Number of protein chains: 2
Amino acid sequence: MMPVLDEVLAANEAYAASFDKGDLTLPPARAFAILTCMDARLDPAKYAGLSEGDAHVIRNAGGRASDDAIRSLVISYKLLGTKEWFVIHHTDCGMEFFTNEVITGLLANSLETAALGDEGFYDVGEGPGSDAAAEIDWLTISDQAQAVVDDVIRIKEHPLVPNSIPVHGLVYDVRTGRLLDVPGAEEAGAAG
Amino acid sequence: MMPVLDEVLAANEAYAASFDKGDLTLPPARAFAILTCMDARLDPAKYAGLSEGDAHVIRNAGGRASDDAIRSLVISYKLLGTKEWFVIHHTDCGMEFFTNEVITGLLANSLETAALGDEGFYDVGEGPGSDAAAEIDWLTISDQAQAVVDDVIRIKEHPLVPNSIPVHGLVYDVRTGRLLDVPGAEEAGAAG
């Protein structure tokens, strides 16, 4: 099997060989930003129709409005001129299958990868683990639609976010590839 | 002009119409993760050769190893089985053109978008601004190669990251589409 690094570099070689995007400018041409989940099944450029140079894409576990996502969004509008933002979570998100207590317990037991069963994640590894997980808010999700609305509100209410920026909240359906409305999100994210 | 939300939903409709990835599983098929910048010119799926389902992609301003990026990486390996990570910054990154002091001053003055001139960002907007920026570490970059190495080391030394995970540090060249080696990164990120 070709090691992952070699695979990535070979794919990049092919991309660079026909690359014709070398003149794009730093600010996003379409002046918007998307905050979405790191989930491997999501390709925001494909699901939202982005070409290179179009829009900022911020991704983390869950697509959550973490302090770091808000750092990125503020840089996106204040320095690089985006005027409209999207928060896009998705169905079947891993963040729905555990809690802060569960991941803290798993990591305290071992740093090896856990398994996912019918009742959630369980540990199969042996120690040493680490207690450092207890100090982290893992930003897990108990209700997907509510999490989208919560994140839209957290962004809208941040003191560094101007009221003029609309924030659209949507859910991506990993089974159909479709972006779905979230009740209450559009009202919560409307520009003032 | 079609509003951005309508454009995104129309593009998504086209994507969903020929969608055939509805059976992908939650854990990334190729068991790796990429941490990279939100910059609009970067399309990690294209520059690294990813199909839907292959790999986690985490993005923030700068592609920095923030606490939130590390939260995401730990979830990526502990719960979803990734075994190898990439930190990929890029040339002409906006994070090289300002400092904590500059963005704090700009945001204190106004929440409107600043402009970029030969000597860096300057404010063109009128207040009110906010002093909340002073409490944030904006994770700016003064030396791009060193920032990659610093981020690789920060990840490798985190108590929740097992030593078995290799972390590759690279820079994406926005003029050529090419991934470039970073001196010292491979040694810093080697699996123990």
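These values consider heavy atoms only, across backbone and side chains, with no hydrogens, waters or symmetry-generated copies. Lettering of chains follows the sequences in order, A, B, ..., and the numbering in each one begins at 1. Keep in mind it's a predicted model, so treat the numbers as computed, not measured.
The contact between A:Phe121 and chain B is made entirely by side chain atoms (from C-beta outward), counting heavy-atom distances below 4.5 Å. Only the side chain of A:Phe32 comes within less than 4.5 Å of a heavy atom in chain B; its backbone stays farther off. Heavy-atom distances place the side chain of A:Leu9, and not its backbone, under 4.5 Å from chain B. The parts of A:Ser110 that come within reach of chain B are both its backbone and its side chain, each placing non-hydrogen atoms under 4.5 angstrom from that chain. A:Asp23 touches chain B through its backbone: at least one of N, CA, C or O sits under 4.5 Å from a heavy atom, while the side chain does not. Residue contact with chain B, scored on non-hydrogen atoms closer than 4.5 Å, is absent for A:Glu135. Within the 4.5 angstrom heavy-atom criterion, only side-chain atoms of A:Ile136, from C-beta onward, approach chain B. Contact annotation for A:Asp137: only backbone heavy atoms (N, CA, C, O) come within less than 4.5 Å of a heavy atom of chain B. With a threshold of 4.5 angstrom between heavy atoms, A:Asp54 approaches chain B through N, CA, C or O but not through any side-chain atom. Residue A:Ala114 touches chain B through both its backbone and its side chain, counting heavy-atom pairs closer than 4.5 Å. For A:Thr25, the part sitting under 4.5 Å from any heavy atom of chain B is the backbone (N, CA, C, O) and nothing else.
Your options are A:Thr82, A:Leu50, A:Leu24, and the one with the most heavy-atom pairs under 4.5 Å with chain B is A:Leu24. Of the listed residues B:Glu112, B:Lys83, B:Lys21, the one with more heavy-atom pairs under 4.5 angstrom with chain A than any other is B:Glu112. With respect to chain A, the highest number of heavy-atom pairs below 4.5 Å among B:Ala48, B:Ser76, B:Pro28 belongs to B:Ala48. Interface summary for chain A: among B:Leu26, B:Ile58, B:Asp43, B:Asn60, the most heavy-atom pairs under 4.5 angstrom belong to B:Leu26. For the set B:Val8, B:Leu139, B:Val57, the count of heavy-atom pairs under 4.5 angstrom toward chain A peaks at B:Val57. Between chain A and the residues B:Glu84, B:Lys46, B:His168, the largest count of heavy-atom pairs under 4.5 Å involves B:Lys46. Among A:Ala61, A:Ser51, A:Cys37, A:Ala115, the residue with the largest count of heavy-atom pairs under 4.5 Å with chain B is A:Ala61. Per-residue counts of heavy-atom pairs under 4.5 Å with chain B were compared for A:Val161, A:Asp123, A:Asp67; the largest is that of A:Asp123. When B:Glu13, B:Arg30, B:Arg41, B:Glu52 are compared by the number of non-hydrogen pairs under 4.5 Å with chain A, B:Arg41 comes out ahead. With chain B as partner, the option from A:Gly49, A:Pro166, A:Pro159 having the largest number of non-hydrogen pairs under 4.5 angstrom is A:Pro159. Heavy-atom pairs under 4.5 Å with chain B peak, among A:Asp92, A:Leu106, A:Asp131, at A:Leu106. Looking only at heavy-atom pairs under 4.5 Å with chain B, the residue among A:Leu116, A:Val74, A:Leu80 that has the most is A:Val74.
Taking a 6.0 Å sphere around CD of A:Glu187, one finds it holds more than 12 heavy atoms contributed by other residues, nucleotides or ligands. The number of heavy atoms from other shown groups lying within 6.0 Å of CG (A:Asn100) is above 12.
The shortest non-hydrogen separation linking B:Cys93 to B:Gln144 is CB-NE2, 3.6 Å. Closest approach of B:Ala69 to B:Leu35, counting heavy atoms only: CB-CD1, 3.9 Å.
Classified by interplanar angle (parallel below 30°, tilted 30° to 60°, perpendicular above 60°), the ring pair A:Phe19/B:Tyr172 is perpendicular.
We find that A:Asp68 and A:Arg71 are joined by a salt bridge, their nearest charged nitrogen and carboxylate oxygen being less than 4.0 Å apart.
From B:Ser130, atom OG reaches atom CG of A:Leu160 across 4.5 Å, with rounding to the nearest 0.5 Å.
Using a 4.5 Å cut-off between side-chain heavy atoms of Ile, Leu, Val, Met, Phe, Trp and Tyr, with links allowed through other members, A:Ile103 and A:Ile141 fall into the same hydrophobic cluster. Taken together through direct or relayed side-chain contacts under 4.5 Å among Ile, Leu, Val, Met, Phe, Trp and Tyr, A:Trp85 and A:Met38 form parts of separate hydrophobic clusters.
Although no hydrogens or angles enter the test, the distance criterion places no donor-acceptor pair under 3.5 Å between the side chain of A:His90 and the main chain of A:Leu42.
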